[in-house]
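Inspection log for the structure reproduced underneath, given as structure tokens.
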There are 2 protein chains.
Amino acid sequence: MSVSGKLKLVEEGRKAEDYRLDEQVGFVLRKANQRHLAIFAARIGDLTPPQFAALAKLYEVGETSQNQLGQLIAMDAATIKGVIDRLKARRLVALAPHAHDRRRLLVNLTDEGRIALESLLPRARDVTDETLAPLTPREAATFLRLLSKLADG
Amino acid sequence: MSVSGKLKLVEEGRKAEDYRLDEQVGFVLRKANQRHLAIFAARIGDLTPPQFAALAKLYEVGETSQNQLGQLIAMDAATIKGVIDRLKARRLVALAPHAHDRRRLLVNLTDEGRIALESLLPRARDVTDETLAPLTPREAATFLRLLSKLADG
DNA sequence: CGGAATTCGTTCGTGTACAAATGATATACC
DNA sequence: GGTATATCATTTGTACACGAACGAATTCCG
């Protein structure tokens, strides 16, 4: 780096060397997510987190349209479509036309999907527990509260 | 749900309806990540977070092998390759053979890459700030500490 | 020295993610 | 009633992300 470049940064009170990637929220967020993904894959190998999220949300709210389901689990239309396609291929969900709106596609759990989800719920709780294991219960509660504030903006 | 199924769950002290997807770490982690991605894209549209991470880490450590760089920023061999390929196509990094180990490919910033990174650093700080904006400074510090514990297992 | 185990980079296949464009259908409003 | 606008689902293209398998090169060790 040139001398003039250094001076400029020093005047701003920050040196380029002060930027440490490993301490940036985005970077650590990505690593935390990676660790969670690995735990999820180890315990629920046979379904991905987005697929599980779709089933769990359908279990909560019952039949909805494809896009609506996407909004509920924060996936855009293009993404939810792929997820639903794969769940449908495995007969965990079924699609039906909407009675009054021919644009809409209603999605719902099949019996098989409901049974699968119910059997996975205990393991899903274990995934959450193991992910939070590095924290004390008190820390975990604080963390979740702050994380939610961050996620919701 | 059948009556016997309900009884079983009650005996365990947890009802299936008690599982709320929106409160699970994994789900909120994914949403927080999404929000960060959007902020990053708005401020540094022209580079993705993985690409930026690769440049920033090269800036920190200087020339390294491709896989080593991947380890430093938590990307597996297959992923880092794509990232490097795209950075190389834009001449932000350059590859060179290793002097003594013919398996290795050394990666380094080009002058262009160094200049680009330096000009992006202030905006990268803004990305971090905006991401953490929903928290007070004190909360942000706590959050980062707990997030790191979580990420490192 | 020489074969076994490792490491490095590459490729393939699958699964998110999201922007942008598109066609079909609904709704709004004039 | 008929057009402008909006919504729903789909498709295309780009970019991670990771498991698995692979060849080439290196290191380990008997």
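For clarity, every value in this text was computed on a predicted model and none was experimentally measured. Lettering of chains follows the sequences in order, A, B, ..., and the numbering in each one begins at 1.
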Just so I know, are the side chains of B/Leu117 and B/Phe52 near enough to count as touching, which here means a heavy-atom distance under 4.5 Å? yes
Using whole Å, what does the distance between atom C1' of nucleotide C/dC18 and atom CZ of B/Arg35 come to? 18 Å
Does a side-chain N-to-carboxylate-O contact under 4.0 Å join B/Arg90 and B/Glu112? no
Quickly work out the B/Phe52 CZ to D/dA15 C1' distance and round it to whole Å. 18 Å
Look at the side chain of A/Val83 and decide which nucleotide, out of C/dT16, D/dT10, C/dG9, has an atom nearest to it. C/dT16
The side chain of B/Ala78 lies closest to which of these nucleotides: C/dC18, D/dC18, D/dA9? D/dC18
Euclidean distance, atom CZ of residue A/Phe40 to atom C1' of D/dC18 [Å, nearest integer]: 15 Å
Verify the contact: side-chain N or O of A/Gln68 to OP1 or OP2 of D/dT7, cut-off strictly under 4.0 Å; return yes or no. no
In terms of the angle between their ring planes, are A/Phe40 and A/His36 parallel, tilted or perpendicular, with boundaries placed at 30° and 60°? tilted
Polar side-chain contact B/Arg103-D/dT26 base: donor and acceptor under 3.5 Å: no
For B/Thr48, answer base if it contacts any base atom (sugar-phosphate contacts may also be present), sugar-phosphate if it contacts only those atoms, and nothing otherwise; contact means non-hydrogen atoms under 4.0 Å. sugar-phosphate
Between A/Arg30 and A/Gln66, who's closer to the 5' end of DNA chain D by nearest nucleotide? A/Gln66
Is a donor-acceptor contact shorter than 3.5 angstrom present between the side chain of A/Arg102 and the base of C/dT25? no
Find the distance A/Ile80:CD1 to C/dT16:P and express it as a whole number of Å. 10 Å
Comparing A/Gln34 and A/Ala77 on DNA chain D - which has the more 5′ nearest nucleotide: A/Ala77
Looking only at side-chain atoms of A/Gln51, point me to the closest of C/dT16, C/dC18, D/dA17. C/dT16
Map B/Arg104 and A/Pro49 onto DNA chain C by nearest heavy atom, then report which one ends up closer to the 5' terminus. B/Arg104
Distance check, rounded to the nearest 0.5 Å: A/Asp129 atom CG versus B/Gln24 atom CD? 9.0 Å
Whole-Å distance separating the CE atom of B/Met75 from the P atom of D/dG19: 15 Å
Have a look at B/Asp101 and say if it touches a base, only the backbone sugar-phosphate, or nothing, with a 4.0 Å heavy-atom cut-off. sugar-phosphate
Report the distance from atom OG1 of B/Thr142 to atom CZ of A/Phe143, rounding to the nearest 0.5 Å. 12.0 Å
Of the listed nucleotides (D/dA15, D/dC8, C/dT10), which one gets closest to any side-chain atom of A/Asn67? D/dC8
Over all strands shown, is A/His100 touching base, sugar-phosphate only, or nothing at heavy-atom distances under 4.0 angstrom? sugar-phosphate
